[in-house]
Q: 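Got a structure for you, written out below as structure tokens; questions coming shortly.
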Amino acid sequence: MSNDRFFLDTAYIVALLNPRDEFHRKAEELFSRVESAKEVWITEAVLTEVGNALSRKDRPVAVTFINSCYLTVNLNVVSVDRTLFHRAVKYYDSHRDKDWGLTDCISFVVTKDEDLTDALTSDEHFRQAGFTPLLLNT
């Protein structure tokens with residue numbers, strides 16, 4: 001086990017599961033770090049996006065992935081309760097100069113709460129919010 005701590009975003013999961021994704025190879029290269037990480041964090045909002053993204057093409061893969069998240073020892077699934085949701089809406093409202101979505105803002109709040117710096121994502125919004133999007137770093 002390494003001391004790595006990551007936030008796991010939709011873009012990484014889709015890249016890992018889709019061999020045609022432009023970031024697939026990089027996602028595969030990072031997967032061993034995910035498996036050996038001390039902690040990986042994900043929200044149920046991200047899991048919802050994964051289900052949405054794979055609903056037409058690979059629903060069984062989405063279901064298997066989502067269910068496995070709740071069984072993976074180093075993976076922490078954060079429920080989006082009322083408190084988290086309202087904190088994310090406040091964060092969303094306070095960054096009107098950005099085109100961040102609400103799911104991103106939920107992710108950013110959790111990432112800050114857990115004192116994480118690295119995000120498994122290709123989403124530039126994470127860099128804008130002050131995190132390192134590992135799929136964009138070479």
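Remember, predicted model here, so these are calculated numbers, not experimental data. Numbers for residues simply follow the sequence, beginning at 1.
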Q: Evaluate the side-chain proximity of Lys112 to Val109: yes if any heavy-atom separation is below 4.5 Å, no if none is.
A: no
Q: Determine whether a donor-acceptor pair (N or O, by modelled atom type, separation under 3.5 Å) exists between the side chain of Asn67 and the backbone of Val63.
A: yes
Q: For Ala11 and Ser122, which heavy atoms make the closest approach, and how far apart are they?
A: CB-OG, 3.5 Å
Q: Quick check for you: to the nearest 0.5 Å, what is the distance between Ser79 atom OG and Phe85 atom CZ?
A: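 Here the rounded value is 14.5 Å.
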Q: Determine the minimum heavy-atom distance between Ala45 and Val80, stating which atoms define it.
A: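 So the minimum-distance heavy-atom pair works out to N-CG2, 3.8 Å.
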Q: Check this for me, if you would: do Glu124 and Arg127 make a salt bridge, where the nitrogen-to-carboxylate-oxygen distance has to be below 4.0 angstrom?
A: yes
Q: Is a side-chain donor or acceptor of Asp4 paired with a backbone partner of Asp118 at a separation under 3.5 angstrom?
A: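 Not at all, since once roles are kept as given, no pair shorter than 3.5 Å links the two residues.
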Q: Quick one: are Leu8 and Val46 in side-chain contact, heavy atoms under 4.5 Å?
A: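 Side chain of Leu8 against side chain of Val46, heavy atoms only: no contact under 4.5 Å found.
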Q: Step by step, would you call Phe6 with Glu39 a side-chain contact (heavy atoms from CB on, under 4.5 Å)?
A: CA-CA 7 Å; Phe6 303 114; Glu39 297 175 352; over 6 Å; no
Q: Nearest 0.5 Å, please: how far is CH2 in Trp100 from CD1 in Ile106?
A: 14.0 Å
Q: Side-chain contact, heavy-atom cut-off 4.5 Å: Ile42 with Leu75?
A: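 Yes, close enough: below the 4.5 Å cut-off.
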Q: How far apart are the C-alpha atoms of Ser36 and Met1, what are their side-chain angles, what is the distance that settles it, and do they pass the side-chain contact (heavy atoms from CB on, under 4.5 Å) test?
A: CA-CA 5 Å; Ser36 67; Met1 179 176 289; 5.7 Å; no
Q: Could you tell me whether the side chain of Thr43 reaches within less than 4.5 Å of the side chain of Phe7, counting heavy atoms only?
A: yes
Q: So how far is it from Asp21 CG to Lys26 NZ, rounded to the nearest 0.5 Å?
A: 14.0 Å
Q: Roughly how far, to the nearest 0.5 Å, is CD of Gln128 from NE2 of His125?
A: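 If I round to the nearest 0.5 Å, the distance is 5.0 Å.
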Q: With no hydrogens and no angle check, is any side-chain donor or acceptor of His24 less than 3.5 Å from a backbone partner on Leu16?
A: yes
Q: Is any side-chain heavy atom of Val77 closer than 4.5 Å to one of Glu44?
A: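 The answer is yes; the side chains approach within 4.5 Å.
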Q: Do Trp41 and Val78 pass the side-chain contact (heavy atoms from CB on, under 4.5 Å) test, and can you show the C-alpha distance, the side-chain angles, and the key distance before you say yes or no?
A: CA-CA 7 Å; Trp41 294 84; Val78 178; 3.7 Å; yes
Q: Before accepting this row, confirm whether a basic side-chain N of the pair Arg96/Asp93 lies closer than 4.0 Å to the acidic partner's carboxylate O.
A: yes
Q: Under a 4.0 Å threshold between the charged nitrogen and the carboxylate oxygen, would Lys98 count as salt-bridged to Asp104?
A: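 Salt bridge absent between Asp104 and Lys98.
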Q: Aromatic contact between Phe126 and Phe108, with the criterion being ring centroids under 6.0 Å apart: yes or no?
A: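 Under 6.0 Å, so yes.
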Q: Check Leu135 against Ala15 and note the closest heavy-atom contact, atom names and distance.
A: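 Scanning both residues completely, I find the closest heavy atoms to be CD1-CB, 4.4 Å.
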Q: Start with the C-alpha distance between Asn76 and Val40, add both sets of side-chain angles, then the distance that settles side-chain contact (heavy atoms from CB on, under 4.5 Å), and finish with yes or no.
A: CA-CA 6 Å; Asn76 300 287; Val40 181; over 6 Å; no
Q: Compare every heavy atom of Cys105 with every heavy atom of Ala88, then report the nearest pair and how far apart it is.
A: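 The pair with the smallest heavy-atom distance is O-CB, 3.7 Å.
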Q: With the 4.5 Å side-chain cut-off for hydrophobic clustering, are Val110 and Val89 part of the same group?
A: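 Val110 and Val89: one cluster.
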Q: When you measure from the side chain of Arg5 to the backbone N and O of Glu114, does any donor-acceptor pair fall under 3.5 Å?
A: yes
Q: Kindly compute the distance separating CG (Leu54) from OG1 (Thr10), expressed to the nearest 0.5 Å.
A: 9.5 Å
Q: Counting only N and O atoms by type, is there a donor-acceptor contact under 3.5 Å from the side chain of Thr132 to the main-chain atoms of Leu134?
A: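 No.
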Q: Taking the side chain as every heavy atom from C-beta outward, state whether Tyr91 and His95 have any atom pair closer than 4.5 Å.
A: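 Yes, at least one pair of side-chain atoms sits under 4.5 Å.
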Q: Within the side chain of Asp9, is there an N or O that forms a donor-acceptor pair under 3.5 Å with the backbone of Tyr12?
A: no
Q: Cluster question for you: counting only ILVMFWY and a side-chain heavy-atom cut-off of under 4.5 Å, with indirect links fine, are Tyr70 and Leu84 together?
A: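 Linked within one cluster.
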Q: Just how far is it from atom CZ of Arg59 to atom CD1 of Ile66, taken to the nearest 0.5 Å?
A: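 Interatomic distance, Arg59 CZ to Ile66 CD1, rounded to 0.5 Å: 10.0 Å.
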Q: Below 4.5 Å, heavy atoms only, C-beta onward: do Lys38 and Asn74 meet side chain to side chain?
A: no
Q: Answer yes or no: does atom OH of Tyr92 have more than 12 heavy-atom neighbours from other residues, nucleotides or ligands under 6.0 Å?
A: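 Atom OH in Tyr92 is not packed in, count stays at 12 or less.
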Q: Taking C-beta and beyond as the side chain, do Ile13 and Phe65 meet within less than 4.5 Å on heavy atoms?
A: yes
Q: Tell me the closest heavy-atom pair linking Leu47 and Cys69, and the distance in Å.
A: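 Heavy atoms only, the tightest pair is CD2-SG, 3.8 Å.
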